[in-house]
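Since the structure comes first, as structure tokens, the remarks are kept for the end.
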Number of protein chains: 2
Amino acid sequence: MVRTKDPAVRALLIERTAQLLRAREPVTLRAIVAGTGVSTMAVYTYFDGMNGLWQATRQEGFTRLTARLGAVTLSADPVRDLAALGAAYLSNALANPDLYRVMFDVGFELEDPAAADGTLDCLLRAVERAKDIGRFRSDVDALALATQSWAVGHGLVSLVATGPLPRQALDHGAPMLTALFIGCGDDPDTCRRSVRLGWHLEP
Amino acid sequence: MVRTKDPAVRALLIERTAQLLRAREPVTLRAIVAGTGVSTMAVYTYFDGMNGLWQATRQEGFTRLTARLGAVTLSADPVRDLAALGAAYLSNALANPDLYRVMFDVGFELEDPAAADGTLDCLLRAVERAKDIGRFRSDVDALALATQSWAVGHGLVSLVATGPLPRQALDHGAPMLTALFIGCGDDPDTCRRSVRLGWHLEP
DNA sequence: CGTCTAAACATAGCATTGCTATGTAATGTG
DNA sequence: CACATTACATAGCAATGCTATGTTTAGACG
């Protein structure tokens, strides 16, 4: 057992796939390896075929998303942070809409099923902090609210990026989150201010 | 100018495509025409290729969705109706998840761009009725609220049907819509009751 | 009614796709 | 240093969407 795979090649192929996706060029086996110097067989030794490559690409999308959410600078106002996380989610999805679409394509299961959980975790922690400082009622189901916030973001960005709604529709995110948070006990005026602060951080 | 296309063939091919989608079999040109008696050229005379067939299939999905929403029996309680429309939306998407995915696939534009508007119209009318009878404040932007309700439904069903959330997550729809409607001025207790009534009509 | 014509339709074959079979080169191990 | 095992390259296969070409059919017109 001797020759070992080069992780750099693996990353290269995934990056090249994301690049083709971004350029809206057809993602074919031969197009991927073109220019990389490696042969088509590399896709099979590293990913066991195109399916595996799609799988890995999907995983990479979630990894980038989680990194993006983790990079959001947290403040003393967890409700603001929640809105900021939502805005970062939308921003990430719109920055690479094609990668985003692959992420939510079935047929390619994730290598690490917990990757998607990373997205929820960021939201979950913010919700729990909001409960801790008394912004949300103590009987609020943190996981439920985190999931609902995710659904708001995903629904909007999905209808805009791959659906029939204009980009302007993303502005609905703020009032939707506000309604959600007020329903969890936050003071309406305070909530509106927090969401406004967090929501408009991203372009 | 003489021989005219047979609309039945057109419908047949679309139906066969939806059927392959439902059976999770690969939707290939030859698989579509197999068993129909027509040749592969039919796809080109009727749809100008596979792209056109996907386009038409996407359109068919929206048509069915709008029909499904239109079949929801309305009541004197427009807030209940809104929840019922949301439940019907989820029910329709889960009944044919593959057709639903095609509907929100870019790359295939709709033949009739107004088809997606039909979905919104049903919601819009319910919102306006709710305003008329004073359940929602008069300054509520009906189109905005309809869009937001759509985003809630789409976000949830999308995360469940083609994403990482379990089917159980659909239950979040009721509290999310409730929060939205209360934010529009509906009385909390009345709203909860209305949403509960409408939401649980569909399986 | 007969004829002509344009469209619907069938058949065959093309380039490209993902994939596999086969052969070669390279590298860690003993 | 030899060897075994894996990475990697090349060639070719079945299947895909599509097109070129020929045939059939249905409506318009005298």
Side-chain angles (χ1 to χ4, degrees), chain A residues 1-60 98-99 101-102 105-109 111, chain B residues 1-60 98-99 101-102 105-109 111:
Chain A
M1 306 83 181
V2 274
R3 216 167 153 197
T4 65
K5 295 183 192 174
D6 182 1
V9 174
R10 195 188 141 90
L12 176 72
L13 290 176
I14 293 180
E15 178 52 41
R16 178 99 180 101
T17 301
Q19 176 184 339
L20 286 174
L21 241 22
R22 220 176 305 131
R24 311 238 167 182
E25 289 171 26
V27 182
T28 73
L29 180 59
R30 289 163 179 81
I32 289 167
V33 300
T36 63
V38 305
S39 87
T40 60
M41 272 304 292
V43 174
Y44 288 84
T45 58
Y46 284 90
F47 302 99
D48 197 40
M50 288 295 286
N51 252 319
L53 179 61
W54 284 116
Q55 240 183 67
T57 303
R58 193 169 173 230
Q59 181 103 17
E60 174 70 13
D98 306 276
L99 184 56
R101 192 162 7 141
V102 172
D105 228 350
V106 266
F108 314 117
E109 295 189 352
E111 300 171 342
Chain B
M1 307 90 170
V2 275
R3 218 169 151 193
T4 65
K5 296 183 191 174
D6 182 1
V9 174
R10 194 188 141 91
L12 175 72
L13 291 175
I14 293 180
E15 180 51 41
R16 177 100 180 102
T17 300
Q19 177 184 339
L20 287 174
L21 242 22
R22 218 175 308 131
R24 310 238 166 183
E25 290 172 26
V27 182
T28 73
L29 180 60
R30 289 165 178 81
I32 290 168
V33 300
T36 63
V38 304
S39 87
T40 60
M41 271 305 291
V43 174
Y44 288 83
T45 57
Y46 283 89
F47 302 100
D48 198 38
M50 287 296 285
N51 252 320
L53 178 61
W54 284 117
Q55 241 185 67
T57 304
R58 192 168 174 232
Q59 180 101 16
E60 175 70 14
D98 306 274
L99 184 56
R101 193 162 8 144
V102 172
D105 227 351
V106 265
F108 315 115
E109 297 189 349
E111 300 171 341

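On a predicted model such as this, the values are computed, not experimentally measured, just so you know. The chains referred to below are lettered A, B, ... by the order of the sequence lines, with proteins before strands, and numbering in each begins at 1.
- Under the side-chain contact (heavy atoms from CB on, under 4.5 Å) criterion, B:L29 pairs with B:T40, B:V43, B:Y44, B:M50, sequence neighbours left out.
- If you check residues 30-39 of chain A against DNA chain D, the residues with a heavy atom closer than 4.0 Å are A:R30, A:G37, A:V38, A:S39, listed by number.
- Remark: B:Y46 is in phosphate contact with C:dC9, judged by side-chain N or O atoms under 4.0 Å from OP1 or OP2.
- Tested against A:Y46, the residues A:L12, A:L53, A:I14, A:D6 include a single side-chain contact (heavy atoms from CB on, under 4.5 Å) partner, A:D6.
- The side chain of A:L29 lies closest to C:dG18 when the candidates are D:dC18, D:dG27, C:dG18.
- Distance, B:L12 CG to C:dC9 P: 11 Å, rounded to whole Å.
- Here the C1' atom of nucleotide D:dA26 and the CG atom of B:D6 are 13 Å apart, to the nearest Å.
- Not counting sequence neighbours, B:A11 has no partner by the side-chain contact (heavy atoms from CB on, under 4.5 Å) test.
- Nearest-nucleotide positions on DNA chain C place A:T28 closer to the 5' end than the other of A:M41 and A:T28.
- Residues that satisfy the side-chain contact (heavy atoms from CB on, under 4.5 Å) test with B:D48, not counting sequence neighbours, are absent from this structure.
- When the side-chain hydrogen bond (donor to acceptor under 3.5 Å, both in side chains) test is applied to B:R30, no partner is found at least two apart in sequence or on another chain.
- Within the 4.0 angstrom heavy-atom criterion, only backbone atoms of the sugar-phosphate kind lie near A:V27; the bases stay farther away.
- Atom P of nucleotide C:dA21 and atom OH of A:Y44 are separated by 12 Å, given to the nearest angstrom.
- Atom CH2 of A:W54 and atom C1' of C:dT17 are 13 Å apart (whole Å).
- Atom C1' of nucleotide D:dT19 and atom CG of B:D48 are separated by 12 Å, given to the nearest angstrom.
- Per the geometry, CD belonging to B:E25 stands 12 Å off P belonging to D:dT16, to the nearest Å.
- Remark: P of C:dT16 and CE of A:M50 are 17 Å apart, rounded to the nearest angstrom.
- Listed by first and then second residue, the side chain to side chain donor-acceptor pair (under 3.5 Å) pairs involving residues 11-21 of chain A are A:E15-A:R22, A:E15-A:R64 (not counting sequence neighbours).
- Put simply, CG on A:N51 is 14 Å from C1' on C:dT17, counting in whole angstrom units.
- Heavy-atom minimum distance, A:T57 versus A:L21: CG2-CD2, 4.3 Å.
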